[in-house]
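None of these values were measured; they are calculated from a predicted model.
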Amino acid sequence: MSSKSKLKIYPKTVICDDESVLIGEVTISSGCVIHPHATVNAKSGPIIIGENCLIEEYATIIHDTGKVDLDNPGPTLVIGPNNVFEVGCTVEASAIGERNVFECKSYVSNLVTVSNNCVIGAGCKLIDEHNLPENTVIYGRRSEQRETIEKQKALSMQLDHLRKVLPNYHHIKKPTFDPKKPREIA
């Protein structure tokens, strides 16, 4: 973890310490699970990760607007609740709603805005400017787009299982923030 990181970790969050990389001003809301070797890089401004998000191994989330000014950080990237970032995906989206799935080895550039209930398929790449409407599925070799009528399933059972199992095999970061208390936990 970078010495310049400013982390705010809410209770009931599981983050594999020493194996995950958290850079910059990052807020991780309650119920999130961050696997070993995941990377969250708040390069151009703060990142707020919503409740119950799952960030798997080698997944990378980068907030990069192309401008880096340490004295004047850029706008905050807000990631909504219940998102899944699967193994090896790279996500630089400028906005991310809720209940989205970024499947294995998918790539989303910073020119993309992702609304709600979207799926970016395994290996798909969104490089050009896109504003994905709700219920969009990106699939296939050419990253084709269609609409789905299905809602993404809740992650609660998977997250509960990971919250129990991961602490048995990894060191876990302790919460740094309690919303019931006005000050951060020292």
Side-chain angles (χ1 to χ4, degrees), residues 8-10 12-13 15 22-35 38-67 73-160 162 179:
K8 189 183 285 186
I9 302 169
Y10 280 72
K12 199 180 168 191
T13 296
I15 302 171
L22 305 169
I23 302 168
E25 188 175 336
V26 179
T27 300
I28 302 165
S29 299
S30 181
C32 291
V33 173
I34 300 179
H35 282 240
T39 300
V40 179
N41 185 347
K43 184 175 180 179
S44 295
I47 296 176
I48 298 173
I49 300 173
E51 297 83 13
N52 299 313
C53 286
L54 173 58
I55 304 172
E56 294 181 351
E57 295 93 339
Y58 302 104
T60 302
I61 299 171
I62 303 173
H63 179 31
D64 186 4
T65 61
K67 299 175 186 173
T76 300
L77 169 60
V78 177
I79 298 172
N82 303 304
N83 287 291
V84 178
F85 300 86
E86 292 184 357
V87 175
C89 72
T90 301
V91 179
E92 300 177 6
S94 59
I96 301 171
E98 59 185 67
R99 285 188 180 267
N100 298 294
V101 178
F102 300 88
E103 291 186 351
C104 297
K105 300 208 178 224
S106 61
Y107 173 78
V108 177
S109 81
N110 63 358
L111 299 174
V112 178
T113 300
V114 181
S115 62
N116 302 315
N117 201 46
C118 296
V119 176
I120 299 9
C124 290
K125 294 181 180 3
L126 292 177
I127 298 169
D128 298 326
E129 190 170 340
H130 280 64
N131 201 354
L132 296 181
E134 290 193 16
N135 305 315
T136 298
V137 176
I138 304 297
Y139 66 97
R141 290 184 193 164
R142 294 186 303 254
S143 297
E144 298 173 67
Q145 181 175 330
R146 68 175 173 84
E147 184 178 349
T148 183
I149 55 173
E150 295 178 18
K151 295 283 184 194
Q152 297 304 319
K153 295 179 182 171
L155 294 170
S156 56
M157 287 178 54
Q158 183 178 7
L159 288 171
D160 288 342
L162 289 168

Donor-acceptor under 3.5 Å (T76 side chain, I47 main chain): no
Residue pair G80 / C53: nearest heavy atoms and the distance that separates them: O-SG, 3.2 Å
Close side-chain approach of P81 to N52, heavy-atom, < 4.5 Å: no
Distance in Å, I15 CD1 paired with C32 SG, rounded so as to fall on 0.5 Å steps: 8.0 Å
Y10 versus S30, closest heavy-atom pair with distance: CB-N, 3.4 Å
Spacing of T39 atom OG1 and I34 atom CD1 [to the nearest 0.5 Å]: 10.0 Å
Step-by-step side-chain contact (heavy atoms from CB on, under 4.5 Å) determination, V108 to I138: CA-CA 11 Å; V108 177; I138 304 297; over 6 Å; no
Sequence-distant partners of R146, salt bridge (Lys or Arg N to Asp or Glu O under 4.0 Å), two or more places apart: none
Criterion side-chain contact (heavy atoms from CB on, under 4.5 Å) on I96 and F85, from CA distance to verdict: CA-CA 11 Å; I96 301 171; F85 300 86; 4.2 Å; yes
G121 versus E103, closest heavy-atom pair with distance: CA-OE1, 3.3 Å
Note, L159 side chain near L54 side chain (heavy atom, < 4.5 Å): yes
K43 side chain near I23 side chain, heavy-atom distance below 4.5 Å: no
Heavy-atom neighbours of Y139 OH exceed 12 at 6.0 Å: yes
Stepwise side-chain contact (heavy atoms from CB on, under 4.5 Å) check, V119 with T148: CA-CA 9 Å; V119 176; T148 183; over 6 Å; no
Check: G97 main-chain N/O paired with N83 side-chain donor or acceptor under 3.5 Å: yes
H35 versus E56, side-chain donor and acceptor atoms under 3.5 Å: no
Reported SG-to-CD distance for the pair C118 and E147, which is rounded to 0.5 angstrom: 10.0 Å
Donor-acceptor contact below 3.5 Å, side chain S109 vs main chain E92: no
Distance-only criterion, 3.5 Å: show the donor-acceptor pairs between side-chain atoms of residues 122-135 and protein atoms not counting sequence neighbours.
{"from": "H130", "atom 1": "ND1", "to": "D128", "atom 2": "O", "distance (Å)": "2.9"}
{"from": "E134", "atom 1": "OE2", "to": "N116", "atom 2": "ND2", "distance (Å)": "3.1"}
{"from": "N135", "atom 1": "OD1", "to": "N117", "atom 2": "ND2", "distance (Å)": "2.5"}

Distance-only donor-acceptor check, side chains T60 and T90, under 3.5 Å: no
Distance-minimising heavy-atom pair for G45 and A42: O-CB, 3.1 Å
Residue pair S29 / E51: nearest heavy atoms and the distance that separates them: CB-N, 3.6 Å
Side-chain touch I79/V91, heavy atoms, less than 4.5 angstrom: no
Side-chain donor/acceptor of N100 to backbone N/O of S115, under 3.5 Å: yes
Close side-chain approach of I49 to I55, heavy-atom, < 4.5 Å: yes
Straight-line distance of C104 SG to E57 CD, nearest 0.5 Å: 9.5 Å
